[in-house]
Amino acid sequence: MTTTPLEIPDVSRRVHLECDVLVIGGGTAGSMAAITAAEHGRDVLLLEKAHVRHSGALAMGMDGVNNAVIPGKATPEDYVAEITKANDGIVDQRTVMQTATRGFAMVQRLERYGVKFEKDSYGDYHVRQVHRSGSYVLPMPEGKDVKKVLYRVMRERRMRERIRIENRVMPVRVLVSEGRAVGAAGFNTRTGEFVTVSAGSVILATGASGRLGLPASGYLYGTYENPTNAGDGYSMAYHAGAELSGIECFQINPLIKDYNGPACAYVGNPFGAYQVNRLGERFVDCDYWSGQMMAEVAREIASPRGPVYLKVTHLPEESIAALEGILHTTERPTRGTFHAGRGHDYRTHDIEMHISEIGLCGGHSASGVWVDENGATTVPGLYAAGDLACVPHNYMIGAFVFGDLAGAHASRHGVRPGPLPEDQVAAAHELVYRPLRHPDGPPQPQVEYKLRRFVNDYVAPPKTGAKLHVALEAFARMEGEIAAMGARTPHELMRCAEVTFIRDCAEMAAQASLMRTESRWGLYHERLDVPERDDETWFHHLNLRKGDTGRMEFVKRPVHPYLVPVDGVEHRPGRVEYLGSLSVRAAEVAGVRQASGAAGSPRLLELVALAEEQPDLAALEPYLGDDDPAVRRAAVATLTEVVPAGFEFALV
Ligand SMILES: Cc1cc2nc3c(=O)[nH]c(=O)nc-3n(C[C@H](O)[C@H](O)[C@H](O)COP(=O)(O)OP(=O)(O)OC[C@H]3O[C@@H](n4cnc5c(N)ncnc54)[C@H](O)[C@@H]3O)c2cc1C
């Protein structure tokens with residue numbers, strides 16, 4: 001039975017909401033941002049596409065804090081140095097220092113809310129050493145309840161009066177007027193109603209871009225990340241004109257083969273677990289969870305010494321029981337079932353590990369929205385906190401810290417703006433409801449699968465200029481397919497909007513990876529065609545933004561002078577350098593296909609973009625006479641596809 005498609009609501013028939021501080025995404029960072037802004041006396045609106053009580057990365061349970069800097073156990077300076085090393089020097093230490101110096105107070109605040117952290121017999125926080133230097137991992141024995149605790153705080157009477165939560169409401173665009181963020185537009189994913197919001201300031205807290213690559217299982221939502229985090233905030237920040245940084249520094253994580261949950265070496269290692277190859281040899285040589293470590297894991301898996309395992313079978317019964325308690329209850333209840341289904345048990349089988357699909361995530365690597373030490377983006381009134389912000393390796397405690405900072409800073413704006421920019425409201429309305437106009441168009445799962453397969457084939461490391469060019473052609477081509485997707489229900493509309501975010505993230509990932517013509521961060525940005533690290537040219541942040549012409553443009557930003565000197569990393573001063581758009585520089589920066597002289601030509605990309613605009617013959621003429629035969633061939637194909645007026649006779 002086919003469902004009758006939802007009726008498209010008129011753009012004027014909308015639910016309109018107002019607030020001082022709008023928080024988009026009610027996970028770790030968003031919940032904390034809302035609580036802090038409310039504590040500052042602001043009227044807060046928290047919009048969550050799922051349900052705040054159990055949404056986001058925390059909802060799956062958290063077994064411990066990855067990066068707690070507890071006085072007496074570690075120093076902020078050690079932590080900042082560690083993160084700087086793990087990120088090959090490209091770090092704004094001012095942001096990382098916030099997490100280092102405020103993380104402990106945040107642990108205590110969470111404890112006051114009711115979150116439990118492991119303590120030793122003296123009542124001290126029982127941090128564990130997982131890496132060779134520094135003890136930062138603080139177990140949370142009842143970590144499965146963190147989100148419930150936060151929700152309870154937000155529902156306390158004093159908070160309820162200040163924080164309005166709207167579950168199942170999904171913004172798709174931040175609205176910008178006279179250069180500052182003034183609200184958002186989106187829709188209700190259950191009723192299909194169109195929703196607009198006027199706000200004094202906007203905090204994006206929508207988590208990672210976790211549905212970028214396809215997991216090895218092929219399941220669209222079987223991702224390492226919480227699958228509602230489709231890169232919404234990355235796309236919204238981009239379209240609002242904010243800068244994003246380090247997008248080429250992908251997230252890739254170790255996980256359990258075929259299960260796509262984290263392998264949890266962080267949990268296992270303090271109990272005596274460790275990573276081995278099939279010969280039982282240890283192979284991970286680097287200190288911190290980093291791209292370098294992922295490169296070592298990937299190399300070992302691909303070598304004759306693979307597969308690789310988390311070795312647990314040697315552990316005594318009480319350690320195994322403790323591990324099962326944490327991993328099969330707090331972390332993911334399905335994990336025990338998964339192992340049992342294969343007849344595996346930690347007493348008899350080590351855990352086979354693999355590497356995850358690629359994603360963008362400040363929290364695990366460094367790819368995110370560019371923020372200062374208060375979470376402010378380059379657009380006044382717009383903030384970003386949590387995994388979508390570029391504060392390297394920030395994890396859960398960093399998401400809380402930056403949620404708090406953004407909530408406090410955003411509260412300073414207060415003033416509600418004037419009328420919303422109706423052209424942007426109309427564009428958001430079109431983005432949301434477009435699939436209802438052609439309900440039998442290609443279904444979202446099919447289009448998303450295809451898009452993410454291209455990501456796996458051409459963007460995932462090891463990268464090459466030629467592959468990245470092919471990716472960009474595919475993503476440009478797919479704009480048409482995405483616009484043609486069909487939907488009938490509000491839920492399907494949500495999925496279709498998510499595909500547009502994934503495409504935006506895919507394009508940013510490919511363009512940024514092309515632009516940085518060196519290899520850095522181990523596997524995260526391994527370019528086979530430019531395998532060396534080039535500090536001379538690239539000891540810089542690479543930022544991207546949507547330019548005034550609507551095209552993606554790049555800026556190199558110098559690394560701010562270090563607050564903490566780091567052994568083995570030489571800081572290099574630099575200056576801001578505008579790099580322009582990739583298509584203009586494509587021939588210089590990319591290894592386009594040489595043999596036939598084509599495949600990645602920027603002229604081809606221009607032509608693909610032109611084809612979307614129903615060009616007339618005059619517009620196509622320069623391409624029909626292009627020097628490059630591939631461009632000429634593509635121009636003829638475009639001609640037969642678009643059939644400009646007056647040309648039909650030649651094609652019968
Ligand atoms: C599997 C896994 C294990 C981890 N383990 C640990 C660990 O042990 N220790 C540790 O310190 N860190 C860990 N982390 C990292 C930590 O969980 C994250 O860094 C942190 O929770 C990120 O918080 P966030 O607020 O950015 O994202 P989230 O908490 O995921 O919140 C994002 C929210 O935004 C919502 N959303 C998305 N798009 C929209 C939209 N358009 N409109 C409305 N809402 C939207 C989502 O539904 C979600 O609720 C882990 C992460 C994962 C994925």
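Only a predicted model underlies this, so the values are computations on that prediction, with no experimental measurement involved.
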Quick one: closest heavy-atom pair of Cys361 and Ser367, and the distance? N-OG, 3.0 Å
Do the side chains of Ile351 and Arg335 get nearer than 4.5 Å, heavy atoms only? yes
I need the single residue from Val115, Val107, Leu110 that forms a side-chain contact (heavy atoms from CB on, under 4.5 Å) with Met140. Which is it? Val115
Any side-chain heavy atom of Tyr79 sitting closer than 4.5 Å to one from Tyr136? yes
Does Phe400 form a side-chain contact (heavy atoms from CB on, under 4.5 Å) with Leu58? I'd like the steps, not just the answer. CA-CA 11 Å; Phe400 278 131; Leu58 283 188; 3.9 Å; yes
Could you check if a side-chain atom of Glu248 sits within less than 4.5 angstrom of a side-chain atom of Arg520, using non-hydrogen atoms only? no
Do you know which of Val174, Asp43, Leu45 makes side-chain contact (heavy atoms from CB on, under 4.5 Å) with Leu22? Leu45
Ile358 CD1 to Ser513 OG distance, which is reported to the nearest 0.5 Å: 7.5 Å
With no hydrogens and no angle check, is any side-chain donor or acceptor of Arg211 less than 3.5 Å from a backbone partner on Pro227? yes
Distance from Glu296 atom CD to Gln275 atom CD, nearest 0.5 Å? 10.0 Å
Under 3.5 Å, side chain of Tyr562 to main-chain N/O of Gly89, donor-acceptor pair present? yes
Decide yes or no on side chain to side chain donor-acceptor pair (under 3.5 Å) for Thr334 and Tyr259, but give the supporting numbers first. CA-CA 9 Å; Thr334 53; Tyr259 172 67; 2.7 Å; yes
Could you walk me through whether Glu161 and Arg157 pass the salt bridge (charged side-chain N to carboxylate O under 4.0 Å, His left out) check? CA-CA 6 Å; Glu161 285 166 359; Arg157 187 151 170 222; 3.6 Å; yes
Is it the case that His393 and Asn66 place a side-chain donor and acceptor less than 3.5 Å from each other? no
Are any non-hydrogen side-chain atoms of His328 and Leu323 less than 4.5 angstrom apart? no
Mind running side chain to side chain donor-acceptor pair (under 3.5 Å) on Ser245 and Asn543 for me, showing each step along the way? CA-CA 4 Å; Ser245 190; Asn543 286 15; 2.6 Å; yes
Mind listing the closest non-hydrogen atom pair of Tyr346 and Leu327 along with its distance? OH-CD1, 4.2 Å
So among Glu243, His541, His540, which one has a side-chain hydrogen bond (donor to acceptor under 3.5 Å, both in side chains) with Arg557? Glu243
Under the side-chain contact (heavy atoms from CB on, under 4.5 Å) test, which residues partner Pro573, sequence neighbours left out? His571
Would you kindly check if the NZ (Lys) or CZ (Arg) of Arg128 is within the cone defined by 45 degrees around the ring axis of Phe271 and under 6.0 Å from the six-membered ring centre? yes
Contact between Tyr395 and Val65 at the side-chain level, heavy atoms closer than 4.5 Å - yes or no? no
Salt-bridge present (Glu373, Arg102; N to O < 4.0 Å): no
I'd like to know if the side chain of Asp92 and the backbone of Arg94 have a donor-acceptor N/O pair within less than 3.5 Å. yes
Interatomic distance, Thr36 atom OG1 to His409 atom NE2 [nearest 0.5 angstrom]: 13.5 Å
Geometric cation-pi criterion Lys73 and Tyr125, 6.0 Å radius, 45° cone: no
Are the side chains of Thr99 and Ile397 in contact, using a 4.5 Å heavy-atom criterion? yes
Going through the checks in order, is the salt bridge (charged side-chain N to carboxylate O under 4.0 Å, His left out) test met by Glu166 and Lys49? CA-CA 8 Å; Glu166 290 292 337; Lys49 68 156 83 147; over 6 Å; no
Between Gly41 and Arg162, the two heavy atoms sitting closest are O-NH1, 3.0 Å
Is a side-chain donor or acceptor of Gln93 paired with a backbone partner of Val564 at a separation under 3.5 angstrom? yes
Contacts of Tyr221 meeting side chain to side chain donor-acceptor pair (under 3.5 Å) (sequence neighbours excluded), chain-then-number -> Gln444, Arg495
Using modelled atom types and a 3.5 Å cut-off, is there a donor and acceptor pairing between side-chain atoms of Trp538 and backbone atoms of Arg533? no
Considering all heavy atoms, the nearest Phe250-Ala509 contact: CE2-CB, 3.7 Å
Salt-bridged, Arg109 to Asp404, with N to O below 4.0 Å? yes
List the steps and the verdict of side-chain contact (heavy atoms from CB on, under 4.5 Å) for Glu48 and Arg168. CA-CA 6 Å; Glu48 165 59 51; Arg168 318 287 179 198; over 6 Å; no
Give a yes or no answer on whether the side chain of Tyr224 reaches the backbone of Ile355 with a donor-acceptor pair at less than 3.5 Å. no
Side-chain (Lys147) to main-chain (Ser55) donor-acceptor, under 3.5 angstrom: yes
The test is side chain to side chain donor-acceptor pair (under 3.5 Å); show your working for His364 and Asn394 and say whether it passes. CA-CA 7 Å; His364 277 96; Asn394 222 12; over 6 Å; no
Under the 3.5 angstrom rule, does the side chain of Ser356 hit a backbone N or O of Asn253 as a donor-acceptor pair? yes
Passing candidate, side-chain contact (heavy atoms from CB on, under 4.5 Å) with Ile24, options Val197, Leu204, Ile203: Leu204
Heavy-atom closest pair (Thr378 atom, Gly241 atom, distance to 0.1 Å) is OG1-O, 4.2 Å
Return yes if some donor-acceptor pair links the side-chain N/O of Tyr524 with the main-chain N/O of Met294 below 3.5 Å, else return no. no
Show, in sequence, the C-alpha distance, side-chain angles and deciding distance for Tyr383 and His413, and conclude whether the side chain to side chain donor-acceptor pair (under 3.5 Å) test is met. CA-CA 12 Å; Tyr383 293 79; His413 295 284; 2.7 Å; yes
Could you give me the CA-CA distance, side-chain angles and deciding distance for Met508 and Leu544, then say whether side-chain contact (heavy atoms from CB on, under 4.5 Å) is met? CA-CA 8 Å; Met508 289 189 249; Leu544 64 84; 3.7 Å; yes
Going through the checks in order, is the side-chain contact (heavy atoms from CB on, under 4.5 Å) test met by His525 and Cys249? CA-CA 6 Å; His525 183 60; Cys249 177; 5.7 Å; no
Between Val44 and Ala37, what is the shortest heavy-atom contact and its length? CG2-CB, 3.7 Å
Report yes or no: does Asp120 contribute a side-chain atom to a donor-acceptor pair with the main-chain N or O of Asp124 at less than 3.5 Å? yes
Could you check if a side-chain atom of Ile35 sits within less than 4.5 angstrom of a side-chain atom of Leu150, using non-hydrogen atoms only? yes
Carboxylate-amine/guanidinium contact Arg152 Asp145, below 4.0 Å: no
Is there side-chain contact between Gln98 and Val391, with at least one heavy-atom pair below 4.5 Å? no
